[in-house]
Amino acid sequence: MELDGAGLTCAQVHEAAYGGARVTIASLDRARAAWATAQELKGPVYGRSTGVGANRGVLVEEPGLDLLRSHVCGAGPLIPPARARAMLVVRLNQLLAGGSGIDPAVLPVLADAINGGFTPPIHTYGAIGTGDLTALATTALCLLGELPWHHELSPSPPDQPRFPLASGDALPFISSGAATLADAAIACHRLRHLLEAAIDVAAMSFTAVHASAEPLAAAVQEARPQPGQAAVAARLRGLLAQGLGTRVQDPYGYRAFAQVHGAAVDALGRAGAAVETDLNAATENPLISGSLAWHNGNFHAAPVSLALDSLRAALVQTAQLSAARLATLMDPAYTGHHPFLADRPGASGLLILEYVAQDALAELRHLANPVTTGTAVISLGTEDHAGFATQAARHALRCLEPLEIVLACEHTAATRALHGPTPDRPLTTDLTASRRALSLPPST
């Protein structure tokens with residue numbers, strides 16, 4: 001996987017995290033140009049010749065290494081190595097975009113760390129959407145040899161990646177939301193697969209209850225040209241056999257599926273675009289551009305957090321319609337089978353699936369609470385807003401499991417409705433098989 005600071009995608013971040021992709025560097029030219037400019041800067045430059053935060057007006061001699069040490073203070077469990085590896089890929093790509101002023105010689109060392117299976121020990125808590133300072137400061141101390149790298153195959157591997165970061169490299173290295181963006185990219189990629197799979201599951205339910213395909217007609221979509229809606233309707237039409245039912249006004253789980261699920265597809269598209277913009281952006285503060293250092297707020301992840309808030313809300317609506325279709329699959333009026341798809345009157349059949357689905361749906365509703373309505377004022381009031389994109393991305397990752405479970409409940413019921421009831425038995429194996437059919441393999 002060649003990184004050039006411009007073309008990194010969510011899918012590539014996922015592949016680097018889980019698929020074992022090796023990375024190469026296309027060119028160091030933009031990083032070298034920014035570094036050369038940084039050596040010539042005169043006057044106060046934030047984080048290079050001054051303190052940070054409320055100490056921005058205090059001139060400090062060589063503040064960098066103390067800055068790194070003071071910012072290593074995460075809490076909670078360590079994040080999985082795959083997510084830490086994704087963070088390294090994102091930060092490396094951002095540094096290749098130029099603008100940081102960091103010594104470009106550190107970039108090949110980061111690539112070696114990624115390719116060698118080394119990841120920093122990053123704790124879950126420590127960022128609020130204005131830069132992943134604790135995660136990247138931890139990484140910097142690993143490079144300096146002051147903290148041990150994690151390695152999946154060996155507790156104390158030889159030839160650990162090392163680089164003598166200078167004081168002037170410290171703030172440029174940590175001025176990024178790379179960990180947040182890595183989580184967001186992984187979530188967007190895996191959610192794209194789940195939203196595609198949801199259409200396949202819906203097609204099974206349409207067939208099982210003989211739902212009308214009339215709401216999916218091209219004429220209906222042309223009358224309201226929402227792009228996600230049209231794409232979902234077209235794909236579902238292609239999956240359905242001719243001669244489905246002609247009931248007037250099926251429940252919304254069928255009649256409004258394209259509208260609701262299409263909105264989720266559109267929300268995912270907007271989120272993915274926001275994330276991929278920042279994967280390839282110089283989010284540095286200060287930004288080294290031309291012959292100057294530009295003090296700015298590019299580190300603030302408001303576009304990403306707002307897009308992820310919208311996406312998580314849209315996932316709830318998709319899951320609610322899946323639960324609604326599950327309810328029709330339990331109803332003899334729609335399936336022609338006994339209630340709950342039981343094999344005989346009075347048996348429970350798949351009744352428990354509704355409990356499981358509603359439990360998972362409740363979790364999704366909780367995770368959809370917006371993070372962008374909150375804020376934080378810190379550093380003696382000089383940092384007076386926070387976007388909480390970190391929490392938005394973390395919640396998006398947590399949405400994967402409950403959404404998959406809701407869809408798997410529908411998949412299990414639709415499968416039985418299509419193939420006929422069976423005697424009551426434990427359903428864990430059936431549900432696990434459905435989840436496996438829907439889930440994206442880690443290396444994909």
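Residue numbers run from 1 in the order of the sequence given. Just so it is clear, the values below take in all heavy atoms, side chains as well, and ignore hydrogens, waters and symmetry mates.
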To the nearest 0.5 angstrom, please state how far the [atom1] atom of [X] sits from the [atom2] atom of [Y].
{"X": "D309", "Y": "T373", "atom1": "CG", "atom2": "OG1", "value": "7.5 Å"}
{"X": "S175", "Y": "N285", "atom1": "OG", "atom2": "CG", "value": "5.5 Å"}
{"X": "I378", "Y": "E383", "atom1": "CD1", "atom2": "CD", "value": "4.5 Å"}
{"X": "L315", "Y": "S310", "atom1": "CG", "atom2": "OG", "value": "9.5 Å"}
{"X": "C409", "Y": "L361", "atom1": "SG", "atom2": "CG", "value": "10.5 Å"}
{"X": "T318", "Y": "H261", "atom1": "OG1", "atom2": "NE2", "value": "5.0 Å"}

Keeping [X] on the side-chain end and [Y] on the backbone end, is there a donor-acceptor pair under 3.5 Å?
{"X": "N93", "Y": "L279", "answer": "yes"}
{"X": "R48", "Y": "G168", "answer": "yes"}
{"X": "D4", "Y": "A26", "answer": "no"}
{"X": "R325", "Y": "E410", "answer": "no"}

Item to check | With sequence neighbours excluded, residues passing ring-ring contact (aromatic ring centres under 6.0 Å, His included) with H151 | outcome: F118

Checklist entry - Would M330 and L351 satisfy side-chain contact (heavy atoms from CB on, under 4.5 Å), going step by step from the backbone distance to the final call? => result CA-CA 7 Å; M330 302 294 165; L351 169 63; 5.7 Å; no

What is the minimum heavy-atom distance between [X] and [Y], and which atoms define it?
{"X": "V406", "Y": "A360", "result": "CG2-CB, 3.7 Å"}
{"X": "P104", "Y": "R32", "result": "CG-CG, 3.7 Å"}
{"X": "G129", "Y": "T390", "result": "N-OG1, 3.3 Å"}

Item to check | Check against side-chain contact (heavy atoms from CB on, under 4.5 Å), L329 and S205 | outcome: CA-CA 7 Å; L329 291 167; S205 295; 3.6 Å; yes

Checklist entry - Under the salt bridge (charged side-chain N to carboxylate O under 4.0 Å, His left out) criterion, do D430 and R425 qualify, and how do the steps go? => result CA-CA 10 Å; D430 298 71; R425 66 172 187 269; 2.5 Å; yes

Item to check | Salt-bridge present (R394, D183; N to O < 4.0 Å) | outcome: no

Item to check | salt bridge (Lys or Arg N to Asp or Glu O under 4.0 Å) partner of E404, the single match among R435, R436, R398 | outcome: R435

Would you check if [X] and [Y] make a side-chain contact, meaning some heavy-atom pair closer than 4.5 Å?
{"X": "V304", "Y": "L181", "answer": "yes"}
{"X": "I25", "Y": "L96", "answer": "yes"}
{"X": "E15", "Y": "M1", "answer": "yes"}
{"X": "R235", "Y": "D200", "answer": "yes"}
{"X": "Q259", "Y": "Q317", "answer": "no"}
{"X": "D103", "Y": "F163", "answer": "yes"}
{"X": "L144", "Y": "L68", "answer": "yes"}
{"X": "N280", "Y": "Q94", "answer": "no"}

Item to check | Stepwise side chain to side chain donor-acceptor pair (under 3.5 Å) test for T328 and Y254 | outcome: CA-CA 10 Å; T328 62; Y254 303 92; 2.6 Å; yes

Item to check | E2 atom CD, over 12 foreign heavy atoms within 6.0 Å | outcome: yes

Next on the checklist: With side-chain contact (heavy atoms from CB on, under 4.5 Å) as the test, pick out the partner of V72 among L147, T139, L136, T134.
Outcome noted: L147

Checklist entry - Hey, what's the ring geometry for Y18 with H14, parallel, tilted or perpendicular (30° and 60° as the breaks)? => result tilted

Item to check | Between S305 and T372: side-chain donor-acceptor atoms closer than 3.5 Å | outcome: no

Checklist entry - Is there a side-chain contact (heavy atoms from CB on, under 4.5 Å) between Q221 and R237 once you walk through the steps? => result CA-CA 12 Å; Q221 315 317 314; R237 283 199 309 270; 4.2 Å; yes

Next on the checklist: Is there a salt bridge (charged side-chain N to carboxylate O under 4.0 Å, His left out) between R162 and E146? Walk through the geometry before answering.
Outcome noted: CA-CA 10 Å; R162 295 282 185 257; E146 296 185 18; over 6 Å; no

Listed pairs under 3.5 Å, donor-acceptor, residues 262-276 side chains, sequence neighbours left out:
| from | atom 1 | to | atom 2 | distance (Å) |
| --- | --- | --- | --- | --- |
| D266 | OD1 | G228 | N | 2.9 |
| D266 | OD2 | G228 | N | 3.3 |
| E276 | OE2 | C10 | N | 2.9 |

Give every donor-acceptor pair under 3.5 Å between a side-chain atom in residues 289-303 and any protein atom, sequence neighbours left out.
| from | atom 1 | to | atom 2 | distance (Å) |
| --- | --- | --- | --- | --- |
| W294 | NE1 | S289 | O | 3.1 |
| H295 | NE2 | Y46 | N | 3.1 |
| N296 | OD1 | N298 | N | 2.7 |
| N296 | ND2 | E284 | O | 3.0 |
| N296 | ND2 | W294 | O | 2.9 |
| H300 | ND1 | A302 | N | 3.2 |
| H300 | NE2 | H385 | ND1 | 2.9 |

Checklist entry - Does the side-chain contact (heavy atoms from CB on, under 4.5 Å) test come out yes or no for R416 and L427, once each step is laid out? => result CA-CA 12 Å; R416 182 172 291 195; L427 295 172; 3.8 Å; yes

